[in-house]
J.: 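Got a structure for you, questions after.
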Amino acid sequence: MRNAEIAAALDELGDLYELDGAVVYRVVAYRQAAQSVRDSPRSVEQLVRDGRATELPNVGKTLQEKLSVLLETGEIPQTVKLREKFPGELVRFMTIPGLGPKTARKIHEELGLTTLAELREAAAGERLRSISGLGPKAEQNIVAALDRMNDEGPRERFLLSAVLAIGEQIAEPLRAHPAAHRVEIAGSARRMADTCKDLDVIATADDATALTAAFGELEVIAEVRSSGEAGARGVTHNGLAVDFRVVEPDQFGNVLQHLTGSARHNVDLREHAVRRGLHVSEYGVEDDESGATHRCATEHEVYELLGLDYVEPELREGRGEIRAAIEHRLPELVTIDDLRGDLHCHTTLSDGRSTLEQMVEAARERGYSYLAVTDHSSSFGFGEDVQPADLERRIEEVAALNEKLKGFRVLAGSEVNIGTDGSVDYDAGVLKRLDWVVASVHSSFRMGRDRMTKRVMTAMENPLVDVIGHPTGRKLLRRAPYDLDIEQIVAKASDTGTMIEIDGHRVDHRPVIILTGTGRLADDLARQSPRPAGMIFVEVGDLVALGAAASGALATR
DNA sequence: GCCGTTTTCGGCCCGACTGTTTTCAGTCG
């Protein structure tokens with residue numbers, strides 16, 4: 001069973017327990033355990049079989065046993081039992097905004113409803129108001145929510161790149177406004193989450209009303225849905241909801257911390273605070289002993305008051321970063337300034353939009369010291385294939401260009417296709433003449449986990465392949481990753497010295513993920529042989545993997 | 001159901017909003 005399936009089983013049982021009226025802490029425990037499983041870079045099935053699932057955060061003896069039964073029999077007995085008690089779509093009642101477990105259960109017990117269609121009918125027929133606590137308004141909301149769910153499907157999310165671009169179109173003009181002091185993006189966009197459902201912007205100002213009005217008049221804001229003295233909620237032309245708030249300067253740090261989240265991070269942070277006799281809210285940090293509330297102008301003050309190292313927003317996902325902050329072992333994030341070059345780009349030779357010279361010029365402008373040009377190969381298709389003779393010419397162009405360039409190196413490369421049998425689509429003779437070979441899967445995505453894993457591993461065994469391109473094939477919001485065993489791929493990478501690409505364009509992995517200790521890009525890839533030890537790029541979207549990588553566990557595997 | 005520089009048992013964030021109530025339970029972020 002894949003981690004995602006095990007996590008789904010835990011989530012389902014958590015939902016059922018919630019309906020059954022279990023104490024919320026038990027329900028929360030199941031959700032946290034599900035998240036831990038989902039986040040784990042290791043095979044949870046294997047951990048369970050080894051009796052070591054308790055090594056995962058929020059998984060204890062009870063869940064180790066339940067998961068063990070799940071793997072043996074395909075079911076958790078409690079789940080089967082509760083499904084009978086709460087049949088049909090009862091669990092889905094709780095997905096309707098405003099409907100929680102208590103109300104859903106009451107509706108089931110008093111009216112015997114089990115499907116969403118029955119629920120809608122009862123609400124439209126004004127039969128829900130017979131239940132105490134429900135009235136006309138609730139009936140209206142339920143009908144509206146169900147109709148919306150039918151029309152629109154699940155809530156739309158937006159790519160981080162789109163949200164950040166919109167964020168700048170909001171923050172920049174507001175920063176220039178005479179009434180503004182600080183304007184910052186908060187929320188999931190500030191955490192660099194790969195997709196966001198809305199955007200939070202907070203500000204300090206001399207005149208909150210004036211700045212709020214200016215927000216409503218921005219070109220990107222299509223409509224203001226609600227507005228007050230110190231903030232407004234608007235929607236952009238492409239449907240992104242934007243919350244804008246103006247706050248007091250001496251609370252800016254508290255509010256920025258609160259709104260940046262994540263929810264899980266804030267819960268962990270506040271639990272840590274309570275253990276120290278402190279209470280954290282968006283308004284300040286209250287001290288039990290003195291009764292005083294400390295207001296913080298900066299986030300650094302918030303974390304310092306709690307005895308924590310400053311946690312970068314990218315790490316605030318509730319994956320163990322509070323503990324790491326206590327123990328002074330938070331990772332150091334790589335920044336744009338750390339990047340020395342780019343090892344995957346396309347030009348007009350295949351499907352790129354710029355010429356070789358333009359790409360090199362752009363790379364130099366960014367302060368890079370190298371660039372590998374890796375156009376598609378001979379079987380790419382779409383009329384953009386690069387036949388061996390074309391590639392030969394490209395190699396000569398690159399050599400000529402390098403003659404002229406000082407302090408910069410262009411690497412002649414290619415992005416070759418990995419065939420279903422793991423072979424690549426240029427002869428060894430051609431590949432040998434290249435400085436840099438990226439091998440990627442571009443076809444037959446649905447061949448299944450075992451065959452796909454074998455296919456990619458076969459390509460990794462090819463000594464002429466330097467790196468596997470976009471190893472999961474995922475396109476955020478557009479295409480699910482193809483099924484392959486990333487753990488085996490990473491282990492293979494260690495054996496063969498093949499690198500694994502971190503693709504910030506299609507985003508196989510979170511873009512902000514590496515830390516010191518895993519080895520950075522070498523200063524000069526021209527001196528790439530022998531490759532520096534530890535220069536393995538691993539899929540690390542979470543602190544568990546980061547921690548392991550920092551201690552060398554992954555780098556030496 | 002998890003977990004421990006207060007605890008192996010008894011805790012487990014914080015505040016706002018909504019709709020239904022006559023003072024608050026349930027839900028949400």
Side-chain angles (χ1 to χ4, degrees), chain A residues 10-11 13-14 16-37 53-67 76 78 93-107 123 128-142 144-145 155 186-188 191 196-200 226 228 231 233 241 243 245 251 254-255 257-286 288-289 293 302 306-308 318 320 322-323 326-328:
Chain A
L10 291 173
D11 271 329
L13 186 49
L16 287 165
Y17 274 138
E18 188 176 21
L19 263 179
D20 199 33
V23 291
V24 288
Y25 300 110
R26 179 145 70 143
V27 177
V28 169
Y30 273 87
R31 305 239 159 95
Q32 287 179 202
Q35 195 57 44
S36 286
V37 169
T54 51
E55 289 176 18
L56 294 168
N58 305 311
V59 175
K61 259 183 77 184
T62 308
L63 287 184
Q64 158 72 40
E65 281 164 24
K66 284 201 162 95
L67 291 181
I76 302 176
Q78 288 86 345
F93 282 23
M94 292 189 291
T95 64
I96 296 169
L99 274 197
K102 301 228 167 68
T103 317
R105 191 161 157 213
K106 244 198 280 186
I107 292 173
L128 292 185
R129 61 185 66 179
S130 68
I131 297 169
S132 78
L134 293 181
K137 198 79 193 183
E139 289 169 342
Q140 250 175 341
N141 288 343
I142 286 168
R155 265 239 195 88
S188 53
R191 300 200 311 274
C196 309
K197 80 172 168 42
D198 54 18
L199 173 64
D200 292 294
S226 66
R233 188 169 175 85
D243 267 326
R245 281 178 63 173
Q251 287 179 312
N254 300 110
V255 180
Q257 196 286 318
H258 172 76
L259 285 181
T260 298
S262 65
R264 194 56 236 165
H265 174 79
N266 284 352
V267 169
D268 288 352
L269 182 91
R270 288 166 184 174
E271 285 181 357
H272 164 76
V274 168
R275 277 180 231 117
R276 297 175 61 109
L278 299 166
H279 302 274
V280 178
S281 78
E282 64 180 297
Y283 303 105
V285 178
E286 193 188 334
D288 272 346
E289 211 171 318
T293 299
V302 178
L306 302 177
L308 298 170
I322 298 295
R323 178 133 299 280
I326 296 170
E327 295 168 0
H328 311 297

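Sequence lines set the chain letters: A, B, ... in the order given, protein chains first and strands last, and positions in each chain run from 1.
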J.: Any idea which of dC3(B), dG15(B), dG1(B) is nearest the Ser281(A) side chain?
T.: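 Closest nucleotide to the Ser281(A) side chain: dG15(B).
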J.: Any side-chain N or O of Lys66(A) under 4.0 Å from OP1/OP2 of dG1(B)?
T.: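 Yes, Lys66(A) has a side-chain N/O under 4.0 Å of OP1/OP2 on dG1(B).
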J.: Using a 4.0 Å heavy-atom cut-off across all strands, classify Ala138(A) as base, sugar-phosphate, or nothing.
T.: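 If one applies the 4.0 Å heavy-atom cut-off, Ala138(A) turns out to touch the sugar-phosphate alone, with no base involved.
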J.: Base, sugar-phosphate or nothing for Asn266(A)? Non-hydrogen atoms, less than 4.0 Å.
T.: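 Asn266(A): no heavy atom of the nucleic acid under 4.0 Å.
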J.: Compare side-chain N and O positions of Tyr25(A) against OP1 and OP2 of dG1(B) and report whether any pair is under 4.0 Å apart.
T.: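 Negative; the distance criterion is not met.
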J.: Roughly how many Å apart are dT8(B) and dC3(B), using the C1' atom of each and rounding to a whole number?
T.: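 It comes out at 9 Å once rounded to the nearest Å.
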J.: Considering just the side-chain nitrogens and oxygens of His258(A), establish if one lies under 4.0 Å of OP1 or OP2 belonging to dC14(B).
T.: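 Checking His258(A) against dC14(B): no side-chain N or O falls below 4.0 Å of OP1 or OP2.
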J.: Describe the nucleic acid contact of Ile326(A) in one word from base, sugar-phosphate, nothing, applying a heavy-atom distance below 4.0 Å.
T.: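 Nothing: the residue Ile326(A), judged by heavy atoms under 4.0 Å, touches no strand.
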J.: Considering only the P atoms, how many Å lie between dC12(B) and dT6(B), rounded to the nearest integer?
T.: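 Here dC12(B) and dT6(B) have their P atoms 15 Å from each other.
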J.: Could you state the CD-P distance from Glu271(A) to dT5(B), rounded to the nearest angstrom?
T.: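 Taking atom P of dT5(B) as the reference, CD of Glu271(A) is at 13 Å.
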J.: Does Val285(A) form a side-chain contact (heavy atoms from CB on, under 4.5 Å) with Thr293(A)? I'd like the steps, not just the answer.
T.: CA-CA 5 Å; Val285(A) 178; Thr293(A) 299; over 6 Å; no
J.: Given the P atoms of dT27(B) and dT20(B), what is the spacing between them in whole Å?
T.: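 Per the computed distance, 13 Å lies between those P atoms.
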J.: Give Val24(A) one of three labels, base, sugar-phosphate or nothing, depending on what nucleic acid heavy atoms sit under 4.0 Å from its own.
T.: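 Here Val24(A) touches no strand at all.
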J.: Rounded to whole angstroms, how far apart are NZ on Lys102(A) and P on dT20(B)?
T.: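 Nearest whole value for this atom pair: 18 Å.
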J.: Counting only side-chain nitrogens and oxygens, does Tyr283(A) get under 4.0 Å of the OP1 or OP2 atom of dA16(B)?
T.: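 Yes, Tyr283(A) has a side-chain N/O under 4.0 Å of OP1/OP2 on dA16(B).
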J.: Tell me, yes or no, whether the heavy-atom count around Glu289(A) atom CD, taken from other residues, nucleotides or ligands under 6.0 Å, exceeds 12.
T.: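 No, the 6.0 Å shell around CD holds no more than 12 heavy atoms from other groups.
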J.: Which pair of non-hydrogen atoms, one from Leu13(A) and one from Tyr30(A), has the smallest distance, and what is that distance?
T.: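 Taking every non-hydrogen atom into account, CD2-CE2, 3.6 Å.
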J.: For dT7(B) and dC2(B), measure between their C1' atoms and round to the nearest Å.
T.: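 Straight-line distance between the two C1' atoms is 13 Å.
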J.: How is Val59(A) classified with respect to the nucleic acid when contacts are heavy atoms under 4.0 Å: base, sugar-phosphate, or nothing?
T.: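 Sugar-phosphate contact only - Val59(A) comes under 4.0 Å of backbone atoms but never of a base.
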J.: Please state the C1' separation for the pair dT23(B) and dG11(B) - nearest whole angstrom.
T.: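 Here dT23(B) and dG11(B) have their C1' atoms 29 Å from each other.
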J.: Pick the closest DNA chain B nucleotide for Ile131(A) and for Ile96(A) by heavy atoms, then say which residue is nearer the 5' end.
T.: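 Closest to the 5' end, via its nearest nucleotide, is Ile131(A).
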J.: When you compare dT22(B) with dC13(B), how far apart are their C1' atoms, in angstrom units rounded to a whole number?
T.: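 Per the computed distance, 30 Å lies between those C1' atoms.
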J.: Nearest whole angstrom, please: distance from the P of dC2(B) to the NE2 of His272(A).
T.: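 To the nearest whole Å, that distance equals 24 Å.
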J.: Please give, in whole Å, the distance from dT18(B) P to Leu134(A) CG?
T.: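 Checked: the CG to P distance equals 17 Å.
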J.: Please tell me which of Pro136(A) and Leu99(A) maps to the more 5' nucleotide of DNA chain B, matching each residue to the nucleotide holding its nearest heavy atom.
T.: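 The residue mapped nearer the 5' terminus is Pro136(A).
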J.: To the nearest 0.5 angstrom, please state how far the CZ atom of Arg264(A) sits from the CD atom of Gln35(A).
T.: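 The CZ atom of Arg264(A) sits 9.5 Å away from the CD atom of Gln35(A).
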J.: Determine: side-chain N/O of Thr62(A) to OP1/OP2 of dC2(B), distance under 4.0 Å, yes or no.
T.: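 Thr62(A) to dC2(B) OP1/OP2: side-chain N or O found under 4.0 Å.
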J.: Rounded to the nearest 0.5 Å, what separation is found between the CD atom of Glu18(A) and the CG atom of Asp11(A)?
T.: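 Going from CD on Glu18(A) over to CG on Asp11(A), the span is 11.0 Å.
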J.: Tell which nucleotide pairs with dT8(B), taking only Watson-Crick or G-U wobble pairs whose two distances are both under 3.5 angstrom.
T.: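 Answer to the pairing question: none, since dT8(B) forms no Watson-Crick or G-U pair.
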J.: Give one of base, sugar-phosphate or nothing for Asn141(A), where a contact means two heavy atoms less than 4.0 Å apart.
T.: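 The residue Asn141(A) makes sugar-phosphate contact but no base contact.
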J.: Quick check on dT20(B): is either OP1 or OP2 less than 4.0 Å from any side-chain nitrogen or oxygen of Ser132(A)?
T.: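 So the side-chain polar atoms of Ser132(A) never come under 4.0 Å of the phosphate oxygens OP1 or OP2 of dT20(B).
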J.: How far does the P atom of dA16(B) sit from the matching atom of dT21(B), given to the nearest Å?
T.: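 The same atom, P, in both gives a distance of 25 Å.
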J.: Grab the CZ-P distance between Arg31(A) and dT27(B) for me, whole Å please.
T.: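 In whole Å, dT27(B) P lies 12 Å from Arg31(A) CZ.
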J.: Could you tell me the separation between the CZ atom of Arg264(A) and the P atom of dG29(B), rounded to a whole number of Å?
T.: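 Going from CZ in Arg264(A) over to P in dG29(B) covers 17 Å.
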J.: How is Lys106(A) classified with respect to the nucleic acid when contacts are heavy atoms under 4.0 Å: base, sugar-phosphate, or nothing?
T.: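 It contacts nothing in the nucleic acid.
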J.: Search all heavy atoms of Ser281(A) against all heavy atoms of Asn254(A) and return the closest pair with its distance.
T.: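 Closest approach of Ser281(A) to Asn254(A), heavy atoms only: O-CB, 4.2 Å.
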J.: From C-beta outward on Arg270(A), which listed nucleotide comes closest to its side chain: dC14(B), dG26(B), dT5(B)?
T.: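 Output: dC14(B).
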J.: Take the protein atom CG of Asp268(A) and the nucleotide atom P of dC2(B), then report the distance between them rounded to whole Å.
T.: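 After rounding, the reported distance stands at 16 Å.
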J.: What is the distance, rounded to the nearest whole Å, between atom CG of Leu259(A) and atom P of dC14(B)?
T.: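 To the nearest whole Å, that distance equals 17 Å.
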J.: Using atom P in both nucleotides, what's the gap between dC9(B) and dT18(B) to the nearest angstrom?
T.: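 Here dC9(B) and dT18(B) have their P atoms 44 Å from each other.
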J.: So how far is it from Glu286(A) CD to Leu278(A) CG, rounded to the nearest 0.5 Å?
T.: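 Taking CD in Glu286(A) and CG in Leu278(A), the distance rounds to 9.5 Å.
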J.: Consider the side chain of Val267(A), meaning its heavy atoms from C-beta on, and name the nucleotide among dG1(B), dC13(B), dT27(B) that approaches it most closely.
T.: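 Nucleotide nearest to Val267(A)'s side chain: dC13(B).
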J.: Is there side-chain contact between Leu269(A) and Leu308(A), with heavy atoms separated by less than 4.5 Å?
T.: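 A side-chain contact under 4.5 Å exists here.
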J.: Indicate, with a heavy-atom threshold strictly under 4.0 Å, whether Arg276(A) touches base, sugar-phosphate, or nothing.
T.: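 It contacts nothing in the nucleic acid.
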